[in-house]
Asks: 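Can you keep this structure in mind? I'll have questions shortly.
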Amino acid sequence: MNHNLRYLLDTNIISELIRNPHGPVTDRIAREGETCVCTGIVAAAEL
């Protein structure tokens, strides 16, 4: 796990996470670590 690498989640990825909370997006976040993901204000506003 590389703690310097961050993943910026866009609206499509967050929507997939909401639709399928036990799917591959959740698995990837679990592998990388919750502290390695974030989202932008635009995606947050769209949701």
Asks: Kindly write out the residues that satisfy side-chain contact (heavy atoms from CB on, under 4.5 Å) with Val25, not counting sequence neighbours, or none if the list is empty.
Replies: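 Scan of Val25 (side-chain contact (heavy atoms from CB on, under 4.5 Å), adjacent residues dropped) gives Ile13, Glu16, Leu17, Ile29.
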
Asks: Please identify which of these residues, Asn20, Leu47, Asp10, meets the side-chain contact (heavy atoms from CB on, under 4.5 Å) condition with Ser15.
Replies: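 Among Asn20, Leu47, Asp10, the one that satisfies the side-chain contact (heavy atoms from CB on, under 4.5 Å) with Ser15 is Leu47.
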
Asks: What's the spacing between Ile14 CD1 and Glu46 CD if we round to 0.5 Å?
Replies: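 Reported to 0.5 Å precision, the distance equals 9.0 Å.
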
Asks: Between atom CZ of Arg6 and atom OG1 of Thr35, what is the distance when rounded to the nearest 0.5 Å?
Replies: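 Between Arg6 CZ and Thr35 OG1, I get 6.0 Å after rounding to 0.5 Å.
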
Asks: If you count heavy atoms of other groups shown closer than 6.0 angstrom to CG of Leu8, is the number above 12?
Replies: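 Count over threshold, so yes.
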
Asks: Are Val37 and Ile41 connected into the same hydrophobic cluster when the rule is that any two of I, L, V, M, F, W, Y join if their side-chain heavy atoms are below 4.5 Å apart?
Replies: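 Not linked; separate clusters.
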
Asks: How far does SG of Cys36 sit from CZ of Arg28, to the nearest 0.5 angstrom?
Replies: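 One gets 10.5 Å once the value is rounded to the nearest 0.5 Å.
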
Asks: Output yes when a side-chain donor or acceptor of Thr39 lies under 3.5 Å from a complementary backbone atom of Leu9, and no otherwise.
Replies: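 The answer is yes, because a donor-acceptor pair under 3.5 Å joins these two groups.
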
